[in-house]
Undergrad: 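Take a look at this one; I'll ask things after.
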Amino acid sequence: MEERYNPGAVEPKWQEYWNKNKLFKVSEDRLKEKYYLLEMFPYPSGKIHIGHVRNYTIGDVVVRYKRMKGFNVIHPMGWDAFGMPAENAAIDNNTHPAAWTYENINAMRVQLKKMGFSYDWDREIATCRPEYYRWEQWLFLQMLEKGMAYRKESFVNWCEKCQTVLANEQVEQDKCWRCSQVVQQKKLWQWFFKITDYAEDLLVHCDQLPGWPDKVTVMQKNWIGKSIGSELKFKIEGRDEDLTVFTTRPDTVFGATFMCLAPEHPLVETLSRGTDQEAVVDAFVQKVSSQERSADGVEKYEKEGVFIGAHCINPASGEKIPIYTANFVLMGYGTGAIMSVPAGDQRDFDFARKYDLEIRVVVQPKGERFDSSTMTEAYTGSGVMVNSGQFDELDSKEAMEVMTDWLEEKGRGKKAISYRLRDWGISRQRYWGTPIPVIHCPSCGVVPVPESQLPIRLPEDANLLAKGGSPLPALDYFSKVTCPACGREDAKRDTDTMDTFVESSWYYLRYCSPRYDKGMFDPAAVKYWAPVDQYIGGVEHAVLHLLYSRYFMRVLNTLGLIDFKEPFTRLLTQGMVCKETMTCPEHGFLFPEEAKKQDDETLACSRCGSEVEVGRVIKMSKSKKNVVDPNELLERYGADVTRLFCLFAAPPERDLEWNEDGVEGSNRFVNRVWRLAIECMDKMDIIAIEPYKGAASDLNAQPAKDLYIKANQTIQKVTDDIDKSFHFNTAISAIMELVNTMYTVDIDKADAQMKSVLLFCLENILLLLSPIIPHFCEELYEKMGNENSILEHGWPDYREDSLKTDEVLVVVQVNGKLRAKFSVSCEMDEAGIKETAMADEHVKKYLQEKPVKKIIVIRKKQTLVNIVV
RNA sequence: GCCGAAGUGGUGGAAUUGGUAGACACGCACGCUUGAGGGGCGUGUGGGGCGACCCGUGGGAGUUCAAAUCUCCCCUUCGGCACCA
């Protein structure tokens, strides 16, 4: 028999076996309980990296465990195949995004198969295939019809050189990530999904996702950003029009001494026109439009503004107050206008001081008196009302409600709720994405593409090299169309494509019936499989992908296509795999092999010799050159050791600083089990011996009893760790302990009972390890004379009556400090334990003559005596 | 600034319903095995002290017979949001 586990021979053998026998293929089966486990599908970048390996290994262990538990398990895999990297790679390598993408998919599929992941490959999908995206186009048309999708003009990040819109993530310090051109804000007509219609529902259900990590639901709540307050109407002087503001502090309305509008607010232009402020306002708006409005713009630009030449009337005090436009007011939040209460808001306070505007104290803490002329900062807390007419002396918290009611009676306000969440802009001026199925007709306007014309295929002969940006508008045969409504021949197809997050918002439903051609999915299949029971992926999608998916399920629910709203019952956010970066002052980021050891402390760049700076430990990223390619590990140790190592290194939710030092230990363990199994087979007639099945109490010798109990405890511990907490690292260490215990048994001297216990241990070790290192376990299981795959064996049970030893360790403390330990029969009562503890030589030494005040005996997980003197 | 998570040996990490701190590994040291070993086996390994013992879970207080675990304050790191009215 082989001395060592040989992954090079064993692993392909079993992968072929699983594949040939279609062991992971599933279909609906009413008689079995379903279990849908999904890992976030990868972008086909070309190679899997160690983060993927970790993610998919975690999922694969759970899936294999659930199968053994008897569930009908669906575990699909596919490709999030649209996106910008494919276009960039196509330009760089003079190829086509489709060719590049499919090549990568093929390469990555091979890698995943080599890892032994148990996917039902018959369900594989790629989002760039027309059979997939036609249903996305179909859904878009439904949403358009129901008013869930709409078009509006809005600002986007625009790179003039690349001729395209950039996502926020693609803007680095105001510059385009590809060409370093300064990014501009450009106003464009874009398609939006009305996700804000579901803001409240998405928010409320955050608290009804017990299977999700709190941090994710908290992030979603913050993202949705609900504020409760009031909408107040300020009459514009000299006009029959109101200026509406949103405020969370209606109690401070008497202190509103001026108004501020966002520079983009339509009233800025309207109200300033014809006044002597017109030129000043125009110049200011112009200037602000070139300022960066988000991210660190806050620090960069001082708060400033200009008077727009108009006034409005404070609905509470009746006073005339000036209207300003200011760079810190956001058009995208609330109404794009605020009432400024300098005494109660720091920004307003700064602004008032700068432009010498009135500061009027309206709320002050009980017993304190503020003087507006000497105040150095705003008071934002609650307190007692002043300078607020009939509301003086009222508690400011009560005043919120009372004053809103008062203003409502006067027709000047109402309670209101504002959300931070904005509608989802999905238009991308990119080529490699799903075409938006609408036509623009000079007579009819926006005309939906008739369903019969779907899919609108992405042209395959587009030349991306011609110029930056999307080639679609220039492709006449694609963009020039006849209007489906009126037949005009000069209509134009919408040449934008959808955000790739649209594809990933519903792909998990497609897996249920991936070849279905009568709709997005077969309703019966979705009814059986959906929702996803366990979803696994990186926390970087906590808001975007996970929120969009929740939104999409609500849309489908509203359209009557599904009967649930939440796509993922349980969510595991696995930690990132991180590594330090290396940078050379000359050459930027370096691969580890480009940095040579200079002396004990420092590294030098292999090209220029400059000292290499070892940077922070951060998430692996291709561009930072700190990614680890699992291929090397795979070739050296095989899939099973790689899997084992990833799981043993840390619990799944924890970030992991990559370090291969421990991999030898995993390899050692695998071979330790191998040798143990071989030794048992050599020295025992394992065909003749039956694994022990009885109770521990029926065993004669103590060592066999102890080992048997240990094995039962291990089964219990591993089951709990996999099932309840996904803590595979502790499950593995429990198995290691059992293996270590087995090594203490001398098989040559073992009696028949001990041999039968040993066989029980060995068999269960293989079963417990089989989700983790499946090839290895299949091989040994076969060697032990089994004809079926280990996959067909059920998950092992432990005996409740064989979890406890008859002796129990007693830990004795004196005044809370550990002083003695001894074992007693677990039959012994409390009095007996006390007595034995008091009689212990070691304990006596500490008691001496001191009077004993109290003795506490605990008999729970441990047996403990604490003697207080 | 706001929200959230986490701080335990030389390292990854155990122990979180308060109850033996450091399981299981890595590394290191010594020994055995072997012709040899990058293999295997064994012993040791938180710090201090010759020792009995003392000290130890980011720091400081507190609750308790008993605190890594609970409470309060502070520090550090990481993540998210960020002029949100």
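Residue numbers start from 1 in every chain, and the chains themselves are labelled A, B, ... in the order their sequence lines are given, proteins ahead of strands.
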Undergrad: Would you measure the distance from the C1' atom in rA23(B) across to the matching atom in rC75(B) and give it in whole Å?
TA: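 The answer is 30 Å between these two C1' atoms.
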Undergrad: Pull up the glycosidic torsion of rG9(B) and say syn or anti, syn being anything within 90° of 0.
TA: syn
Undergrad: Using ring pair (Phe, Tyr, Trp, His ring centres under 6.0 Å) as the criterion, list what pairs up with Y637(A), not counting sequence neighbours.
TA: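 With neighbours one apart ignored, the set is empty.
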Undergrad: Tell me whether the OP1 or OP2 atom of rC81(B) has a side-chain N or O from K215(A) closer than 4.0 Å.
TA: no
Undergrad: Could you pull out all residues at least two apart from D350(A) that satisfy side-chain hydrogen bond (donor to acceptor under 3.5 Å, both in side chains)?
TA: Q346(A)
Undergrad: Do the rings of Y324(A) and F351(A) sit parallel, tilted or perpendicular, given the 30° and 60° boundaries?
TA: perpendicular
Undergrad: Taking Watson-Crick (N1-N3 plus N6-O4 or O6-N4) and G-U wobble (N1-O2, O6-N3), each under 3.5 Å, can you produce the dot-bracket string of RNA chain B? Use [ ] for crossing pairs and | for inter-strand ones.
TA: (((((((..(((......[....)))(((((((.....)))))))(((....)))..(((((..]....))))))))))))....
Undergrad: side-chain hydrogen bond (donor to acceptor under 3.5 Å, both in side chains), that's the test. Do S230(A) and T404(A) meet it? Break it down for me.
TA: CA-CA 7 Å; S230(A) 307; T404(A) 304; 3.0 Å; yes
Undergrad: Please give the distance between the C1' atoms of rG37(B) and rA25(B) as a whole number of Å.
TA: 23 Å
Undergrad: When you compare rU16(B) with rU71(B), how far apart are their C1' atoms, in angstrom units rounded to a whole number?
TA: 16 Å
Undergrad: May I ask you to decide if K303(A)'s main-chain N or O and K354(A)'s side chain share a donor-acceptor pair within less than 3.5 Å?
TA: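 Checking the backbone N and O of K303(A) against the side chain of K354(A), a donor-acceptor pair under 3.5 Å is found.
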Undergrad: Map V218(A) and I856(A) onto RNA chain B by nearest heavy atom, then report which one ends up closer to the 5' terminus.
TA: V218(A)
Undergrad: With rounding to whole Å, what would you report as the distance between rG58(B) and rG51(B) at their P atoms?
TA: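 After rounding to an integer number of Å, I get 28 Å for this pair.
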Undergrad: Would you classify I855(A) as touching base, sugar-phosphate or nothing, given that sugar-phosphate means primed atoms plus P, OP1 and OP2, and contacts are heavy atoms under 4.0 Å?
TA: nothing
Undergrad: With sugar-phosphate meaning primed atoms plus P, OP1 and OP2, does K853(A) contact a base, only sugar-phosphate, or nothing at under 4.0 Å between heavy atoms?
TA: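 Counting heavy atoms under 4.0 Å across all strands, no contact is made by K853(A).
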Undergrad: Just how far is it from atom CD of E358(A) to atom OG of S340(A), taken to the nearest 0.5 Å?
TA: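 So the gap between those two atoms works out to 13.0 Å.
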Undergrad: Among rC55(B), rA85(B), rC24(B), find the nucleotide with the atom closest to the side chain of K817(A).
TA: rC55(B)
Undergrad: If a protein heavy atom is under 4.0 Å from the base, mark B; if only from the sugar-phosphate, S; if neither, -; do that for nucleotides 7-18 of chain B going 5' to 3'.
TA: -----BSS-SB-
Undergrad: Quantified in whole Å, what is the C1' atom distance between nucleotide rA68(B) and nucleotide rA15(B)?
TA: 9 Å
Undergrad: For salt bridge (charged side-chain N to carboxylate O under 4.0 Å, His left out), just list the numbers for E304(A) and K287(A), CA-CA rounded to whole Å, side-chain angles, deciding distance to a tenth of an Å, and then say yes or no.
TA: CA-CA 11 Å; E304(A) 54 180 349; K287(A) 177 182 157 193; 2.9 Å; yes
Undergrad: On RNA chain B, does the nearest nucleotide to Q862(A) precede the nearest nucleotide to N740(A) from the 5' side, or the other way round? Give the residue.
TA: Q862(A)
Undergrad: Within the pair S227(A) and rA85(B), is there a side-chain N or O less than 4.0 Å away from OP1 or OP2?
TA: yes
Undergrad: Side chain of N222(A), heavy atoms from C-beta onward: which of rA23(B), rA85(B), rC3(B) has the nearest atom to it?
TA: rC3(B)
Undergrad: Enter the distance from S549(A):OG to L544(A):CG here, rounded to the nearest 0.5 Å.
TA: 10.5 Å
Undergrad: Which letter, B, S or -, goes with each nucleotide of nucleotides 38-46 of chain B from 5' to 3', with contact meaning a protein heavy atom under 4.0 Å?
TA: -SSS-----
Undergrad: Under 4.0 angstrom, heavy atoms only, what part of the nucleic acid is G665(A) near: base, sugar-phosphate, or nothing?
TA: sugar-phosphate
Undergrad: Considering every strand and a 4.0 Å limit on heavy-atom distances, what is the contact class for R859(A): base, sugar-phosphate, or nothing?
TA: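 Counting heavy atoms under 4.0 Å across all strands, no contact is made by R859(A).
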Undergrad: Quick one: is R347(A) getting a side-chain N or O under 4.0 Å of the rC84(B) phosphate, OP1 or OP2?
TA: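 Yes, within the criterion.
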Undergrad: rC54(B) and rG10(B): how far apart are their P atoms, nearest whole angstrom?
TA: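 Looking at atom P only, rC54(B) and rG10(B) are 22 Å apart.
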Undergrad: What about K854(A): does its side chain form a donor-acceptor pair under 3.5 Å with the base of rC65(B)?
TA: no
Undergrad: List the steps, then state whether side-chain hydrogen bond (donor to acceptor under 3.5 Å, both in side chains) holds for R672(A) with N740(A).
TA: CA-CA 9 Å; R672(A) 226 166 122 74; N740(A) 290 347; 2.7 Å; yes
Undergrad: Is D207(A) salt-bridged to K221(A), cutoff N-O under 4.0 Å?
TA: yes
Undergrad: Does the salt bridge (charged side-chain N to carboxylate O under 4.0 Å, His left out) test come out yes or no for R412(A) and D242(A), once each step is laid out?
TA: CA-CA 9 Å; R412(A) 299 277 86 196; D242(A) 288 328; 3.1 Å; yes
Undergrad: Under the criterion ring-ring contact (aromatic ring centres under 6.0 Å, His included), which of F501(A), W223(A), Y548(A) is the partner of W424(A)?
TA: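 Only match with W424(A) under ring-ring contact (aromatic ring centres under 6.0 Å, His included): Y548(A).
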Undergrad: Using a heavy-atom cut-off of 4.0 Å across all strands, would you classify D345(A) as base, sugar-phosphate, or nothing?
TA: nothing
Undergrad: Can you tell me how far P in rG40(B) sits from the matching atom in rA21(B), rounded to whole Å?
TA: 34 Å
Undergrad: Looking only at atom P, what distance separates rG22(B) and rG46(B), rounded to whole Å?
TA: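 Their P atoms lie roughly 9 Å apart.
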Undergrad: To the nearest angstrom, how far is W223(A) atom CH2 from rG4(B) atom P?
TA: 18 Å
Undergrad: Working to the nearest 0.5 angstrom, can you tell me the gap between L644(A) CG and F669(A) CZ?
TA: 6.5 Å
Undergrad: What is the separation between atom CZ on F351(A) and atom P on rA85(B), rounded to the nearest whole Å?
TA: 18 Å
Undergrad: Ring pair (Phe, Tyr, Trp, His ring centres under 6.0 Å) with F284(A): which residues, sequence neighbours excluded?
TA: none
Undergrad: Mind checking Q813(A) for me? I need base, sugar-phosphate or nothing, with any heavy atom below 4.0 Å counting as a touch.
TA: base
Undergrad: Is D661(A) side chain donor-acceptor paired with the rC26(B) base, going by distance under 3.5 Å alone?
TA: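 There is none.
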Undergrad: How many Å lie between CD1 on I228(A) and P on rC84(B), as a whole number?
TA: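 Taking CD1 of I228(A) and P of rC84(B), I get 18 Å after rounding.
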